[in-house]
2 protein chains.
Amino acid sequence: MKRSIEDIRRQELIEGAYRAFLQFGIDGLTTARICKEAGMSPGILSYYFKSKDEVLFWMVRHANRVIMDEVVNRMKQATTRWDRLMAIVEGNFPEDLFEQNVANAWLSFYVASAKDVQLERLQRLFHRRLASNLSSCVCHLVEGEQIRHFVAAVAILIDGTWLHRAAIHSRMTSAEAISLIKSQIESTLGSDVVTAAKNTPVSP
Amino acid sequence: MKRSIEDIRRQELIEGAYRAFLQFGIDGLTTARICKEAGMSPGILSYYFKSKDEVLFWMVRHANRVIMDEVVNRMKQATTRWDRLMAIVEGNFPEDLFEQNVANAWLSFYVASAKDVQLERLQRLFHRRLASNLSSCVCHLVEGEQIRHFVAAVAILIDGTWLHRAAIHSRMTSAEAISLIKSQIESTLGSDVVTAAKNTPVSP
DNA sequence: CAAATTTTTGTATGCTCGTACAATTTTTTG
DNA sequence: CAAAAAATTGTACGAGCATACAAAAATTTG
């Protein structure tokens, strides 16, 4: 069974919204701009979606999937806990996405999610996934309370680095971001735990 | 010479804007809301200011001064490099300001400064001040390139922690934020540098 | 106190945007 | 091919907002 016109149009609008999102952030997303970006006429959005907010919702899921694919693909190839950890960090800074407009767009999503319960739920889902992935890399290697501290610190470092890429005119590259977070992780865990992580296979 | 009515009214409007800012962020700031918060009628803003953006500009300066006062007061009492460092960290997390609405408000300022050259200049000024203060705590204690890395890491940790307070429903307290950043700093610098910082007086 | 000046009020204007929808075109069906 | 259904277009409406400004009120001046 081939995709219906409806599915195709909805997907096109979501991807149009995504492109507009990367350029202008959530505030720059008007129905007209979304439709134009998708190559359609202005009124079409309300034919295929209940409202602009519905497009926004699916667009954010789409945007997150782009990043998550980067993470997951790298994690598949990891053989040690340490490799998994690096897969998460590196996957969160794809070279072609780590630039000011994109960082600003994500920042605007964070702001918007404070006033939109749907977006807030997505946001928390994304955070739980990240926290869960990070935990799996260090559990059994460090003690319980330490795990929560480690996860919080790395999450803050990742998001904080994106924030700086957005706000400060920093020209930081993704390689520099990864290297900064990597060395923070190393000094936080300590060399013995790092060595253990590098020698622990992924499964257990 | 007493303050003119104009100075008083402008200050009242700026403070009204600040209160509205803390509650609703930059997007929630309408001229009507600012005037209402200042206890004046809606049209008064355009009598004392060229535009809403001008109020925004002064309001952000005011908001930053609130934080900077916290930092500066703590730094005055510092006798060692380490104390100065802690003064900066603690001053950036005043207990009564470290809560979700305020964090969201600051986040919305970061987003807005991407599309407003005036706000962007303020933002960069704030960042240079922070970086300069941080540098002064570790220069001569660690080598040149290391300083830049250290400053970047701490700045990212501070902003990242605010971002998390805004976005994740984290209930993190200011004490927890300070403690997290403090331990990150300690493991980054290494115990010998920390000891040196604790034994180095502030002036040179 | 009366005229002049300053300050404040309330509103009108124009703009942007989301949404609904009638009119039109395209596709499908029998 | 004609009728019905689906898809698309363009626009009109209303809401929310920044700004300007005429009218009113308050204050100062002579």
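In what follows, every heavy atom counts, from backbone to side chain, and hydrogens, waters and symmetry copies are set aside. Just so it is clear, the structure is predicted and the values come from calculations on it, not from any experiment. Naming convention: chains lettered A, B, ... in sequence-line order (proteins, then strands); numbering from 1 in each chain.
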Review item, side-chain donor-acceptor pairs of residues 158-166 of chain B, under 3.5 Å, at least two apart:
from     : atom 1 : to       : atom 2 : distance (Å)
B:Asp159 : OD1    : B:Tyr110 : OH     : 3.3
B:Asp159 : OD2    : A:His164 : NE2    : 2.9
B:Asp159 : OD2    : B:Tyr110 : OH     : 3.4
B:Thr161 : OG1    : B:Leu157 : O      : 2.6
B:Trp162 : NE1    : B:Asn92  : O      : 3.0
B:His164 : NE2    : A:Asp159 : OD2    : 2.9
B:Arg165 : NE     : B:Met172 : O      : 2.9

Donor-acceptor list for residues 28-36 of chain A side chains, cut-off 3.5 Å, not counting sequence neighbours:
from    : atom 1 : to      : atom 2 : distance (Å)
A:Thr30 : OG1    : A:Arg33 : N      : 3.1
A:Arg33 : NE     : A:Gly28 : O      : 3.0
A:Arg33 : NH2    : A:Gly28 : O      : 2.9

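Within residues 107-115 of chain B, no residue has a heavy atom under 4.0 Å from DNA chain D.
One interatomic measurement links the two molecules: CD1 of A:Ile26 to P of C:dC17, which rounds to 16 Å at whole-angstrom precision. In this structure, CG of B:Leu45 is placed 15 Å from C1' of D:dC21, rounded to the nearest angstrom. Atom P of nucleotide D:dC21 and atom NZ of B:Lys50 are separated by 16 Å, given to the nearest angstrom.
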Scan nucleotides 12-18 of chain D against the protein and return all N/O pairs shorter than 3.5 Å with their distances rounded to 0.1 Å.
from   : atom 1 : to      : atom 2 : distance (Å)
D:dA18 : OP1    : B:Lys52 : NZ     : 2.8
D:dA18 : OP2    : B:Thr31 : N      : 2.9
D:dA18 : OP2    : B:Thr31 : OG1    : 3.0

Worksheet, complete the sentence: In 5'-to-3' order, the base (B), backbone-only (S) or no-contact (-) status of each nucleotide in nucleotides 5-10 of chain D, using a 4.0 angstrom heavy-atom cut-off, is -SBBBB

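Listed by chain and number, the residues in a side chain to side chain contact (heavy atoms under 4.5 Å, CB included) with A:Glu145 are A:Glu143, A:Arg148, A:His149 (sequence neighbours excluded). Considering only residues two or more places apart in sequence or on other chains, B:Asn64 meets the side-chain hydrogen bond (donor to acceptor under 3.5 Å, both in side chains) condition with B:Arg129. Listed by chain and residue number, A:Glu37 satisfy the salt bridge (Lys or Arg N to Asp or Glu O under 4.0 Å) test with A:Arg19 (two or more places apart in sequence, or in another chain). Partners of B:Thr188 according to the side-chain hydrogen bond (donor to acceptor under 3.5 Å, both in side chains) rule, which considers only residues two or more places apart in sequence or in another chain, are A:Gln184. For B:Ala112, the side chain to side chain contact (heavy atoms under 4.5 Å, CB included) partners two or more places apart in sequence, or in a different chain, are B:Ile26, B:Leu119.
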Practice prompt. Take A:Arg74 and A:Glu70, measure what salt bridge (charged side-chain N to carboxylate O under 4.0 Å, His left out) needs, and give me the verdict at the end.
Written response: CA-CA 6 Å; A:Arg74 284 173 172 82; A:Glu70 300 275 351; 2.8 Å; yes

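Among residues at least two apart or in separate chains, salt bridge (Lys or Arg N to Asp or Glu O under 4.0 Å) pairs with a member in residues 98-120 of chain B are B:Glu120-B:Arg124. The list of salt bridge (Lys or Arg N to Asp or Glu O under 4.0 Å) pairs with a residue in residues 44-65 of chain B, not counting sequence neighbours, reads B:Arg10-B:Glu54.
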